[in-house]
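First the proteins, then the strands, lettered A, B, ... as listed; each starts at 1.
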There are 2 protein chains.
Amino acid sequence: MIRILLAEDQAMMRGALAVLFGLEDDLEVVAQVGTGTEIVPTALEVRPDVALLDIELPGISGLEAARELRASIPECRVMILTTFSRPGYVRQAMAAGAVGFLVKDGPVEELADAIRRVLRGETVLDPGLAAATLRAAPNPLTARERDVLAASEDGSSIADIAGQLFLSPSTVRNYLSAAIGKTGTRNKTEAALTARRNGWLA
Amino acid sequence: MIRILLAEDQAMMRGALAVLFGLEDDLEVVAQVGTGTEIVPTALEVRPDVALLDIELPGISGLEAARELRASIPECRVMILTTFSRPGYVRQAMAAGAVGFLVKDGPVEELADAIRRVLRGETVLDPGLAAATLRAAPNPLTARERDVLAASEDGSSIADIAGQLFLSPSTVRNYLSAAIGKTGTRNKTEAALTARRNGWLA
DNA sequence: ACCCACCACTGACAATTGTCACCGTCGGGT
DNA sequence: ACCCGACGGTGACAATTGTCAGTGGTGGGT
């Protein structure tokens, strides 16, 4: 019996997956959580064989949780199940020690089998996605550049960002200018958008 | 047997829902589509009792498709199933003649029952959501203001928007200024963001 | 006939944003 | 000891953006 922990914020998706796994006689969902914060404590309690994690969750992200899981329960296999096949996400997932990366665009039928393959020691990663990730440029942004871009995502002015990060407005403008240059865009809105799309901000 | 048409762009979600409905002995998924464009043609072919539509789909939106469905197949009940409980979405759905509005945050268990209730002639709409929608201000934006906001969502400059809409840059700035005023925001990025969040742009 | 809202545009002005050149500090490599 | 990159900052300048006051035109009510 393969014991599964399910982390996914959309209740309907989470419930549907749980029902599907319940139909397979070698799979068993032993825990369901809707936030990133619950992942590690719950895993410590139920000791699952596999953790199937969404990335964009309330609280900490699935990627962050994956890193912590590897450290605290090394024998638990981590798989990522996400909407977005962003190169940066794939990179981070692999770096975090995940052994599977699935997109919600794919067919449900393959899901159960992917879990079984991971348990047999295989790594599940779509070849096209792997190639695209390798083709794509790795994250060129520094930590501070990521900070200012993340802070500018809600349309904040430079003064706002400076206030949030306790920096001078001029400094913020310099980081933004650098980020705009590195992303090949024309203003902070475009820069934040492409950084987000590439998975450089999570 | 209740004949269902399922429109949802995430293949995994779509497949999972289809499996779930297949477990109920009075429900039958007679068609699945992943784009808005396919909805009406497919419905004309299979003549479903209920169409369960996501809103944000490639091609035309589920709301647009709902309007067309009401016109071409009046006996088909339309239900909306969406991630976002935006007031503008609820308003448009009801105006389009939908008899159900469900959010993906809710439990799966209620889904099948919601469909049965709609078939009995009931309208399925969360009371809290209905109240929130009535409390929220209706869309204050004119058609042109919506146009310029939609065009500015990707970080385009005013000159870009003017080019896209065949307007003078000054005109675009005026519409943006009006939209910024009406949304109570401070720049076009914030304005586009709040308009989108309220469901004023779909 | 009149008002009103929306559309499209212009021009002037102030504020914000983006670029650039430059200053210094700190910590890692080699 | 030296170089390099990231960090934090300043000041100057140009470009973009946001505001405001106008000018018309259209079409729908009353």
Side-chain angles (χ1 to χ4, degrees), chain A residues 88 91-92 95 137-202, chain B residues 88 91-92 95 137-202:
Chain A
R91 262 208 173 79
Q92 284 186 69
N139 192 340
L141 304 173
T142 69
R144 268 320 200 191
E145 286 159 2
R146 286 196 297 274
D147 290 342
V148 294
L149 282 186
S152 81
E153 277 194 296
D154 58 351
S156 294
S157 70
I158 288 181
D160 293 338
I161 304 171
Q164 281 172 46
L165 301 180
F166 304 103
L167 291 174
S168 122
S170 322
T171 306
V172 172
R173 279 196 312 190
N174 285 342
Y175 285 131
L176 282 175
S177 191
I180 291 168
K182 287 180 181 179
T183 52
T185 51
R186 291 169 307 163
N187 54 53
K188 60 177 155 59
T189 311
E190 273 192 358
L193 237 43
T194 57
R196 171 62 64 189
R197 261 199 296 271
N198 282 299
W200 292 340
L201 296 187
Chain B
R91 263 209 172 78
Q92 285 185 67
N139 191 339
L141 303 171
T142 68
R144 269 318 199 195
E145 287 159 2
R146 286 196 297 274
D147 290 343
V148 293
L149 283 186
S152 80
E153 279 194 296
D154 58 353
S156 294
S157 71
I158 289 181
D160 292 339
I161 304 171
Q164 281 171 45
L165 301 180
F166 303 104
L167 292 175
S168 121
S170 322
T171 304
V172 172
R173 281 198 307 194
N174 284 341
Y175 285 132
L176 282 174
S177 190
I180 290 167
K182 287 181 181 178
T183 51
T185 51
R186 291 170 307 163
N187 54 53
K188 59 175 157 49
T189 311
E190 274 192 359
L193 237 44
T194 58
R196 170 62 65 190
R197 264 200 293 272
N198 281 300
W200 291 341
L201 295 186

Could you list, one pair per line, each protein nitrogen or oxygen that sits under 3.5 Å from a nitrogen or oxygen of nucleotides 24-28 of chain D, together with the distance?
none

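By the 4.5 Å heavy-atom criterion applied to side chains, B/Lys182 and B/Thr142 are counted as neighbours. Side-chain contact between B/Arg144 and B/Thr171 is absent, with no heavy atoms from C-beta onward closer than 4.5 Å. In this structure, the side chains of A/Ile158 and A/Lys188 come closer than 4.5 Å at one or more pairs of heavy atoms.
Atom C1' of nucleotide D/dC7 and atom CG of A/Leu165 are separated by 13 Å, given to the nearest angstrom.
Legend: residues meeting side-chain hydrogen bond (donor to acceptor under 3.5 Å, both in side chains) with B/Thr183, ordered by chain and number and at least two apart, are B/Thr185. Qualifying side-chain hydrogen bond (donor to acceptor under 3.5 Å, both in side chains) partners for B/Thr194, counting only residues two or more places apart in sequence or in other chains: none. For A/Arg91, there are no salt bridge (Lys or Arg N to Asp or Glu O under 4.0 Å) partners, not counting sequence neighbours. Every residue two or more places apart in sequence or in another chain that forms a side-chain hydrogen bond (donor to acceptor under 3.5 Å, both in side chains) with A/Arg196 is listed here: A/Glu153. With sequence neighbours left out, A/Asn187 forms a side-chain hydrogen bond (donor to acceptor under 3.5 Å, both in side chains) with no residue at all.
On the nucleic acid side, DNA chain C contacts chain B at distances under 4.0 Å to non-hydrogen atoms, with the end points of that region at C/dC6 to C/dA12.
The end-to-end axis angle of the helix from C/dA1-D/dT30 to C/dT30-D/dA1, rounded to 10 degrees and based on five pairs per end, is 30°.
The minimum heavy-atom distance linking B/Trp200 with B/Asn139 is given by the pair O-ND2, 3.2 Å. Contact record, A/Gln164 with A/Ala151: OE1-CB, 3.7 Å, taken as the closest heavy-atom pair. Counting all heavy atoms, side chain and backbone alike, A/Leu201 lies closest to A/Ala192 at CD1-O, 4.0 Å. When all heavy atoms of B/Ser168 and B/Ala162 are compared, the closest pair comes out as C-CB, 4.0 Å. Across all non-hydrogen atoms, the minimal contact from A/Leu193 to B/Gly155 is CD2-N, 4.3 Å.
Near DNA chain D, defined here as any heavy-atom distance below 4.0 Å, the residues from residues 170-181 of chain A are A/Ser170, A/Thr171, A/Arg173, A/Asn174, A/Tyr175, listed numerically. Contacts between residues 150-159 of chain B and DNA chain D, defined by a heavy-atom separation under 4.0 Å, are made by B/Ser157, B/Ile158. Only at 4.0 angstrom or more do the heavy atoms of residues 189-202 of chain A sit from any atom of DNA chain C, so none qualifies.
Of the two residues contacting DNA chain C, namely B/Arg144 and A/Thr185, the nearest-nucleotide position lying further toward the 5' end is that of B/Arg144.
Phosphate proximity of D/dT10 to A/Ser168: present, with a side-chain N or O under 4.0 Å from OP1 or OP2.
Every pair passing salt bridge (Lys or Arg N to Asp or Glu O under 4.0 Å) that includes a residue from residues 155-170 of chain A is listed here, sequence neighbours excluded: A/Asp160-B/Arg186.
Rounding to the nearest 0.5 angstrom, the gap separating the CG atom in A/Asp147 from the CG atom in A/Leu167 is 8.5 Å.
Side chain of A/Ser152 to main chain of A/Leu149: a donor-acceptor pair is present (N/O by atom type, distance under 3.5 Å, no hydrogens or angles).
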